[in-house]
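Have a look at the structure below before the remarks.
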Amino acid sequence: MTRIDDTFARLKTQNQKAFVAYIMAGDTDYDTSLEVLQGLPDAGVDIIELGVPFTDPMADGSTIQLAGQRALAGGQTLTKTLQIATKFRETNQTTPIVLMGYYNPIYSMGVDTFLTAASEAGIDGLIIVDLPPEEDVELCLPAQEAGLNFIRLATPTSDAARLPKVLQNTSGFVYYVSMTGVTGSAAVQAVDVKPEVDRIKASTDLPVIVGFGVKTPEAARDIAAIADGTVVGSAIVERIGRGDAPADVLSFVKTLADAAHS
Amino acid sequence: MTELFNSFMNGPDENGRFGDFGGRFVSETLMPLILELEAQYENAKTDDSFWAEMHDLWTHYVGRPSPLYFAERMTEALGGAKIYLKRDELNHTGAHKINNVLGQIILARRMGKTRIIAETGAGQHGVATATVCAKFGLKCVVYMGAHDVERQAPNVFRMRLLGAEVVPVTSGRGTLKDAMNDALRDWVTNVRDTFYCIGTVAGPHPYPAMVRDFQSIIGKETREQMDAAEGRLPDTVIASIGGGSNAMGLFYPFLDDESVNIIGVEAGGKGVNAKMEHCASLTGGRPGVLHGNRTYLLQDDDGQILEGFSISAGLDYPGIGPEHAWLHDIGRAQYVSITDKEALEAFKFSCEREGIIPALEPSHALAHVMKIAPELPKDHLLVMNMCGRGDKDIFTVARAFGFDMSGPEGRTFE
Ligand SMILES: Cc1ncc(COP(=O)(O)O)c(C=O)c1O
């Protein structure tokens with residue numbers, strides 16, 4: 001059992017949906033991102049996705065691209081991202097952290113070195129956008145062996161023929177990308193997403209969380225209702241990027257979390 | 001399997017790997033698309049009607065075969081190896097890029113795709129794609145770094161004349177790699193009707209192999225033409241490398257001929273040093289993962305990708321095709337770098353000695369020819385790929401030589 005499994009077990013007994021929040025490590029600087037991170041659990045966040053900045057984020061829209069550029073300009077690295085997580089774990093032992101990013105910084109550090117460091121930092125799972133099942137030997141299998149969850153994205157193009165392959169080595173939960181597109185794209189409608197979520201749930205016992213295009217408390221509520229939970233990223237990152245104080249960012253996060261939990 | 005040990009021409013394997021390089025490092029949304037592309041390409045590859053259409057257009061639209069030209073006055077001036085130029089700069093649209101574009105667009109049509117996207121640096125691949133789309137009446141969108149839109153203005157206008165939409169890319173730092181990121185973002189969004197026409201031997205499998213196969217017409221013709229001219233194989237083949245498509249096209253048919261020396265020339269910019277003001281991924285980079293494949297990349301200690309630097313927009317890419325990375329590691333090909341300054345000297349040499357205004361990209365290959373040819377025996381047959389003409393570069397070169405093109409007077413070199 002990982003912290004992610006524990007979290008879903010707890011939510012189940014409370015009969016609640018999961019609220020997942022994404023922020024970029026080092027955005028707008030190291031201290032700001034640490035302060036926001038430390039406040040997320042009290043704002044009602046069940047699982048944290050911590051973005052690892054990369055120069056070439058192919059699956060991200062402009063909001064998260066710019067967040068990554070701000071972080072890199074401030075000297076953020078993968079090592080410093082793990083330091084932020086370590087700091088967070090000094091005061092929080094229960095909220096799962098999933099690192100979300102691209103493969104090259106990890107490959108550059110060395111997969112074994114990274115997995116040891118990530119486990120020590122209290123990381124629970126990985127979402128690595130550019131590692132499809134075809135490349136599982138690179139990181140997915142070693143990560144599972146090291147006790148980390150490897151969370152895969154399922155997408156509208158994951159048809160019946162493809163889905164079993166996507167689900168095969170996935171653990172923790174399945175992240176359903178609600179649309180074909182990049183992060184921060186146009187809003188999605190719960191009615192359109194529901195059949196897709198049902199289709200995926202029919203093929204797996206893992207929780208299915210829906211993200212991409214969820215920006216408001218209303219959307220978080222509607223989407224969470226038809227899945228096991230929802231993710232909000234760009235809408236939070238946008239507020240951090242325009243310079244909102246961490247307290248204001250966190251009160252916005254709380255409105256999202258409350259809606260998803262309602 | 002046994003074949004694999006006897007030939008350098010069997011790659012990639014079923015996972016798209018050339019040794020440890022290549023692969024399919026893309027988001028899940030794109031995975032079904034590249035698997036479908038692979039299946040369709042495998043099918044087309046063995047279909048005579050596909051190749052019949054290619055050859056017909058290569059002949060009547062592009063103007064192939066391109067000549068293999070004995071550069072007599074260059075040879076004389078350098079006093080060593082016998083220098084031949086493969087004249088791919090004479091192709092329609094002025095570079096080798098169209099060889100590959102035709103293949104991909106014919107494939108896109110077979111797949112029923114109606115919208116073509118492409119990335120471009122110097123604009124040559126963008127122009128070739130816009131051209132073939134105009135010919136077939138397909139919608140064409142070209143992503144180009146905002147910085148390159150400025151320095152390659154004539155090609156931007158050409159693409160627009162041809163009916164393409166040119167999207168200036170401001171994400172990242174607005175260069176070729178960012179244009180490729182934005183093209184991938186477009187593809188992830190428009191998965192149903194869109195075909196991504198990649199301009200070099202990079203990207204996820206099957207692109208590196210597919211683009212190589214389409215460009216291999218260069219090496220195949222060279223082989224036949226050299227046999228007709230000299231009755232034997234060349235001793236050295238040499239080409240410039242951005243992503244590596246003109247080079248792979250020339251090299252591939254010679255990989256198994258042990259007697260043939262293979263040399264790739266990367267852009268050394270201001271010099272391959274710690275400041276990274278160059279684009280020499282093999283000489284100055286290390287393995288990493290970007291744009292769907294594992295290959296040598298310019299990157300920092302944290303695995304962040306660095307911007308290259310070169311006077312030639314077409315070589316200004318921080319990576320290199322995975323097959324080159326493999327050929328480098330196993331030692332089948334040799335890779336060197338040439339600085340901006342050396343390339344400019346070669347540019348002038350070609351103009352003055354042969355009456356050929358070369359693009360800045362092949363000028364890099366020529367600069368290396370100028371270094372090695374004098375030391376080689378007179379019966380050494382050397383083929384260089386003259387993969388593009390210099391019309392697009394005259395403004396850049398004028399600036400570099402301090403030539404004022406704005407007034408009626410002008411000044412000559414030096
Ligand atoms: C004339 C010419 N040569 C070479 C290149 C570099 O590409 P590649 O290395 O794929 O041949 C370009 C790219 O724009 C080009 O225009």
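Just so we're clear, the structure is a prediction, and the values are computed from it rather than from any experiment. A note on names: the letters A, B, ... follow the listed sequences, proteins ahead of strands, and every chain is numbered from 1.
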- Query: From A:Leu153 CG over to B:Met31 CE, what is the distance, rounded to the nearest 0.5 angstrom?
  - Reply: 13.5 Å
- What residues form a side chain to side chain contact (heavy atoms under 4.5 Å, CB included) with B:Pro208, not counting sequence neighbours? B:Phe18, B:Pro322
- Query: What option among B:Arg17, B:His291, B:Arg173 has the most heavy-atom pairs under 4.5 Å with chain A?
  - Reply: B:Arg17
- Message: I need the A:Thr55 OG1 to B:Gln304 CD distance, nearest 0.5 Å.
- Response: 4.5 Å
- Item | Pairwise distance NZ(A:Lys80) to CG(B:Asp302) - rounded to 0.5 angstrom | 9.5 Å
- May I ask you to test the A:Phe54-B:Ile305 pair for a side-chain heavy-atom distance under 4.5 Å? yes
- Task: Please name all residues satisfying side chain to side chain contact (heavy atoms under 4.5 Å, CB included) with A:Val182, sequence neighbours left out, ordered by chain then number.
- Result: A:Ser185, B:Arg185
- Task: Would you name the heavy atoms of B:Pro32 and A:Thr157 that are closest together and state the gap between them?
- Result: CG-O, 3.3 Å
- Message: Testing the basics here: between A:Thr180 and B:Thr189, what is the closest heavy-atom pair and its distance to 0.1 Å?
- Response: OG1-O, 3.1 Å
- Sorted by number, residues from residues 129-144 of chain A in contact with chain B (heavy atoms, under 4.5 Å): A:Val129, A:Asp130, A:Leu131, A:Pro132, A:Pro133, A:Glu134, A:Glu135, A:Glu138
- Message: Looking only at heavy atoms and a cut-off of under 4.5 Å, which of B:Asp186, B:Val289, B:Val191 has the most pairs with chain A?
- Response: B:Val289
- Residue-level interface, residues 105-128 of chain A with chain B, non-hydrogen cut-off under 4.5 Å: A:Pro105, A:Tyr107, A:Ser108
